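Worth saying up front: this structure is predicted, and the values here are computed from it rather than measured. In what follows, every chain begins at residue 1, and chains take the letters A, B, ... in the order their sequences are listed.
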Number of protein chains: 2
Amino acid sequence: MTVTEARQQFISTWGAMGTHWGINRTMAQVHALLMISANPLTQDDIMAQLNISRGNVNMNIRELIDWGLVDRVIIAGERKEYFTAEKDIWKVATQIIKERKKRELDPMMKLIDQMSKVEGDKNDKDVKVFLDTINGIQKFGAHADDMLGLLVKSDENWFLSTVLKLIK
Amino acid sequence: MTVTEARQQFISTWGAMGTHWGINRTMAQVHALLMISANPLTQDDIMAQLNISRGNVNMNIRELIDWGLVDRVIIAGERKEYFTAEKDIWKVATQIIKERKKRELDPMMKLIDQMSKVEGDKNDKDVKVFLDTINGIQKFGAHADDMLGLLVKSDENWFLSTVLKLIK
DNA sequence: ACAGATTTTCAATAATTTTTGAAAATTTTA
DNA sequence: TAAAATTTTCAAAAATTATTGAAAATCTGT
């Protein structure tokens with residue numbers, strides 16, 4: 001495997017991974033390309049390297065910026081905009097966790113809290129099971145929230161060394 | 001909000017959540033329905049409650065069984081098959097984590113390991129950045145693997161109480 | 001072994017999501 | 001301020017994914 005092949009493979013694998021995580025393939029590929037590029041790239045660079053249209057690049061770049069995974073870079077004397085991605089994988093992971101917590105976990109837990117308050121006939125077995133399930137999710141969600149907060153606030157070395165001690 | 005409305009809401013929310021996690025909406029809804037049902041349900045029950053076709057129920061149930069989230073139940077004297085889902089949310093979460101690790105993380109790390117071995121011109125900045133990124137992912141993946149293993153093996157109380165102490 | 005009940009399969013269809021590309025908007029230079 | 005360069009938008013087209021439903025397969029009791 002040559003480096004060029006490996007780079008291609010990486011972009012394609014990272015893209016496939018994205019689809020398993022609710023992120024569209026192209027967005028993940030653009031992200032992959034920027035992660036393994038030493039220098040910032042323009043929209044045209046990305047279009048050329050991934051063989052996709054300008055509109056597609058533009059939309060996915062915007063979304064990546066929104067996720068806090070990609071930054072616009074101004075290069076003095078250049079007219080075009082350049083883009084770059086964070087390369088420290090720990091930072092990438094914590095950023096994704098932070099965003100997903102905000103976008104998915106938080107709204108879900110708000111709904112669960114509301115549902116936990118419904119009144120119902122406690123002799124009905126289905127009602128009982130429903131309330132138990134909701135309650136379980138509520139408790140679980142609170143713990144998950146604490147843990148993700150801890151994970152995101154801490155730096156890599158602190159977190160890993162502390163938690164990994166538990167394994168021994 | 002009545003219990004009936006809340007149950008509806010839960011099914012719909014859980015389904016929407018599924019799409020963010022690479023699981024199809026209907027599969028997540030079937031799972032939600034089974035989680036909040038006191039008694040096992042038949043394919044016909046699920047068809048009726050979610051308003052979906054027999055083939056759809058059948059396929060999604062099969063997939064849920066494959067994920068280890070739903071079990072077939074034999075009821076003595078009944079001809080039809082019944083289905084039930086684990087209701088302990090901790091067990092549900094660890095089961096999902098275990099499966100996703102197997103299906104996604106493990107194959108990805110195998111590829112990353114291969115890529116980390118490519119030879120290339122180390123004076124090329126892109127090659128250097130590529131290898132650094134791959135290496136970072138490799139280390140990160142190994143840690144994540146350890147942590148997920150720990151999480152899945154441990155029971156809820158042990159894990160949460162141990163890790164949550166870190167917060168204080 | 002047969003008939004009725006139930007489950008499974010899968011080609012066709014429907015719904016959803018992604019991508020394109022050209023027009024509009026914006027920005028920059030002179 | 002005008003024109004060239006660049007970015008953004010978005011309706012239409014393409015691609016992908018999910019769903020249906022009826023036929024085939026399987027199972028169960030007699």
Side-chain angles (χ1 to χ4, degrees), chain A residues 11-34 39-67 70-84 103-104, chain B residues 11-12 14-34 39-67 69-84 103-104:
Chain A
I11 289 168
S12 143
T13 304
W14 202 255
M17 196 58 36
T19 64
H20 290 298
W21 288 88
I23 285 163
N24 99 26
R25 191 194 304 309
T26 305
M27 179 171 154
Q29 287 185 349
V30 173
H31 185 221
L33 174 61
L34 289 173
N39 303 307
L41 303 180
T42 63
Q43 285 200 1
D44 291 274
D45 294 334
I46 298 168
M47 284 168 68
Q49 295 211 41
L50 301 182
N51 237 298
I52 57 180
S53 72
R54 182 177 305 287
N56 201 1
V57 171
N58 193 275
M59 284 186 140
N60 285 114
I61 281 281
R62 168 141 47 61
E63 186 101 29
L64 282 164
I65 291 174
D66 211 51
W67 274 78
V70 164
D71 287 317
R72 258 174 239 278
V73 173
I74 306 295
I75 295 192
E78 288 274 8
R79 193 141 168 186
K80 287 188 174 176
E81 288 183 322
Y82 284 76
F83 301 96
T84 189
R103 293 168 190 227
E104 294 155 29
Chain B
I11 290 168
S12 141
W14 202 254
M17 196 60 32
T19 63
H20 290 299
W21 289 89
I23 286 163
N24 98 26
R25 191 194 303 307
T26 304
M27 178 172 155
Q29 286 184 351
V30 172
H31 185 222
L33 174 61
L34 289 172
N39 303 307
L41 303 180
T42 62
Q43 285 200 359
D44 292 274
D45 294 334
I46 298 167
M47 284 168 69
Q49 295 211 41
L50 299 182
N51 237 296
I52 57 180
S53 73
R54 181 176 306 285
N56 202 0
V57 171
N58 193 274
M59 283 185 141
N60 285 114
I61 281 281
R62 169 140 45 64
E63 186 100 30
L64 282 164
I65 290 174
D66 211 52
W67 273 78
L69 294 171
V70 163
D71 287 318
R72 259 173 237 280
V73 173
I74 307 295
I75 294 191
E78 289 274 5
R79 194 138 170 189
K80 287 189 176 175
E81 289 183 321
Y82 284 75
F83 302 95
T84 189
R103 293 167 189 228
E104 295 156 28

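- At C/dT8, one or more side-chain N or O atoms of B/Asn58 fall inside 4.0 Å of OP1 or OP2 (strictly under the cut-off).
- We find the CZ-CD1 distance between B/Phe83 and B/Ile46 to be 6.5 Å, quoted to the nearest 0.5 Å.
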In B/S/- notation (B base, S sugar-phosphate only, - none; protein heavy atoms under 4.0 Å), nucleotides 16-30 of chain C written 5' to 3' is --SSBB------BS-
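- Rounded to whole Å, atom P of D/dT19 lies 15 Å from atom CD of B/Gln43.
- The distance from atom OH of B/Tyr82 to atom C1' of C/dT7 is 15 Å, rounded to the nearest whole Å.
- Remark: B/Arg72 pairs with B/Glu81 by the side-chain hydrogen bond (donor to acceptor under 3.5 Å, both in side chains) rule, at least two apart or across chains.
- Taking atom NE2 of residue A/His20 and atom P of nucleotide D/dT17, one finds them 10 Å apart after rounding to whole Å.
- Taking atom CZ of B/Arg62 as the reference point, atom P of D/dT26 lies 14 Å away to the nearest angstrom.
- Listed by chain and residue number, nothing satisfies the side-chain hydrogen bond (donor to acceptor under 3.5 Å, both in side chains) test with B/Asn56 (two or more places apart in sequence, or in another chain).
- Using five terminal pairs a side, the axes of the helix from C/dA1-D/dT30 to C/dA30-D/dT1 at its two ends make an angle of 30°, given in steps of 10 degrees.
- Annotation: side-chain hydrogen bond (donor to acceptor under 3.5 Å, both in side chains) contacts involving residues 20-29 of chain A, sequence neighbours excluded, comprise A/Trp21-B/Glu104.
- Regarding B/Met47, its CE atom lies at a distance of 12 Å from the P atom of C/dT6, rounded to whole Å.
- A/Arg54 meets the side-chain contact (heavy atoms from CB on, under 4.5 Å) test with A/Gln43, A/Asp44, A/Met47; sequence neighbours excluded.
- Rounded to a whole Å, the CD atom of A/Glu63 is 15 Å from the C1' atom of D/dT8.
- Listed by chain and number, the residues in a side-chain hydrogen bond (donor to acceptor under 3.5 Å, both in side chains) with A/Asp71 amount to none (sequence neighbours excluded).
- Rounded to whole Å, atom P of D/dT20 lies 14 Å from atom CD1 of B/Ile46.
- Residues forming a side-chain hydrogen bond (donor to acceptor under 3.5 Å, both in side chains) with A/Gln49 (at least two apart in sequence, or on another chain): none.
- Side-chain N or O atoms of B/Asp45 include one that pairs as donor or acceptor with a backbone N or O of B/Thr42 at under 3.5 Å.
- At whole-Å resolution of the value, CG in A/Asp44 and C1' in D/dT7 are 10 Å apart.
- From A/His31, atom NE2 reaches atom CH2 of A/Trp67 across 11.0 Å, with rounding to the nearest 0.5 Å.
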